[in-house]
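Single-structure report; data block below.
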Amino acid sequence: MIKIKDVSKSFDGKMVLEAISGEFEKGKCNLIIGSSGTGKSVLLKCIVGLIPTDEGKIFYDMRNFSDADHEMKAEIRREIGMLFQGGALFDSKTVEKNVMFPLDILTKMKPDEKLDRVQFCLKRVGLENAGKKMPSEISGGMKKRVGIARAIVNNPAYLFCDEPNSGLDPQTSILIDELIQELTYEFNTTTIVVTHDMNSVMGMGDNIMYLYKGHKLWEGGKEDITHSGVKELDDFVFANKVMSSLRGK
Amino acid sequence: MQFFYQVGRYFIFLRSLFINRESFKTYYHLVLEECISIGIGSLFLVVLVSTFIGAVSTVQTAYNLVSPLIPRYVIAQVVREMTVLELAPTIMAIIYAGKVGSSMAGGLGTMRITEQIDAVEVMGINSISYLVLPKIIASMLMYPMLVVIAGFCSLFGGYLIGAATGIITPPEYIFGIRFVFNEFTITFALIKSLAFAFLISSISSFKGFYTQGGALEVGIATTGAVTNSVIAVLIADYLLAQLLLA
Ligand SMILES: Nc1ncnc2c1ncn2[C@@H]1O[C@H](COP(=O)(O)OP(=O)(O)OP(=O)(O)O)[C@@H](O)[C@H]1O
Ligand SMILES: [Mg+2]
């Protein structure tokens, strides 16, 4: 479980996050949703410590991450798998080497064990034949999937995904969402997914946190999201044509 | 103000190179890879430029020494002093900054804007020391070697042009480059090259590592890396000459 308390962040005097608190449960898909530019990525980066927060505390299973020393931070980070919005693959390494990278650095596994594990993860994302390709040779959606393979290769206890299915076709999107869900339930990981795709929200939203201009306006499960009573959230949810036709009923 | 802020940040950057490092084995491979790309990658340019510099220095020195009272081997002696002391380490440093420094800054800058550095950091790795330390070590290993090669090539360039044009005969040239030779100039050139290698690789990495924005900023960081390294090299060149030769 990850708990955040009054997290605030501003850039050059411009408030991006204002006193965000919340809990992200273990074994569930916790979603952070909101329209573009509301600070979802910034919040995610604050949680993993890539962006220092101005104020607020972050706890990983009761371990205080905000005040941890370097050792402790590194220890917690070794349990984190993260998918970045743009994939963030190392462009000097092959797909296989990219996925293997966390194993090389963080484990003492033997080379063939590592290769097995990498093959397993690549298969999981449907890319078992792309191992020898360079990142520049694969499509945007494939990069995302390699990014997911890399994020899960080390069996992380905490999985963070920044827009795992933006730029993917609807079918692949659903596959990716299902994959993240499966992994979460199977390995009991604490998963946080940033998204603005209503399909994903309705598909995998066990817990949903709605951000609006740096504030948390609502949280709850996917069952309640259509009748939250929050105007901004309604606008967000029903922006989609299919969803708005549902609204009429 | 901005200047002092940057200098301060540079020193903090240098400090974090050495704290919380990864295991020795990790670095071994990274350093080897960097050595290959830096060393082999720069060899052709270094050989080309230094051979020409040696040849041109010989022709121009001969052109300036018109008095019949001065023996011709002096030409070779002058070329030796110029190339070993200044041309090989310093001119090569400027070329090195343009070639290796810019590619370090560009590479790290691209890694920064595409979140690759964040990806390394999020795995609990000290990204500065993981990504930058191998570059600095490889530079300090390879650059002195390149300087030695450059020194040799420029002397050889002078020899070739002397023989080809008849400005100075090979025996005269060989006699000249060995005449009252002070070995310390070599030591001094190597000390300089170590210092330059460190400055160029660390400043360029610093510039690239803290890139913010997009492709445009990577370009700016790359240019900044070259300009700042060259300025630092020239200042260090002067200081070292003052310290060790005066
Ligand atoms: N490093 C930074 N420096 C200054 N401002 C930043 C920085 N990073 C983000 N911001 C600002 O913070 C705000 C939130 O950005 P963020 O990337 O979190 O948006 P987002 O919710 O992830 O949007 P999207 O859905 O488009 O990815 C934006 O207004 C952005 O300009
Ligand atoms: Mg984002």
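The chains referred to below are lettered A, B, ... by the order of the sequence lines, with proteins before strands, and numbering in each begins at 1. Hydrogens, waters and symmetry mates play no part in the numbers below; they use all other heavy atoms, side chains included.
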Salt bridge present between [X] and [Y] (N-O < 4.0 angstrom):
X        : Y        : value
A/Lys57  : A/Asp67  : yes
A/Lys73  : B/Glu121 : no
B/Lys135 : B/Glu33  : no

Examine whether an atom of [X] lies under 4.5 Å from a heavy atom of chain B, and if so say whether it belongs to the side chain, the backbone or both; otherwise answer neither.
X       : result
A/Glu75 : neither
A/Leu89 : backbone
A/Asp91 : both

Residue part contacting chain A, namely of B/Met111, when any heavy atom lies under 4.5 Å:
side chain

Can you confirm whether or not the ring centre of B/Tyr130 sits under 6.0 Å from the ring centre of A/Phe101?
yes

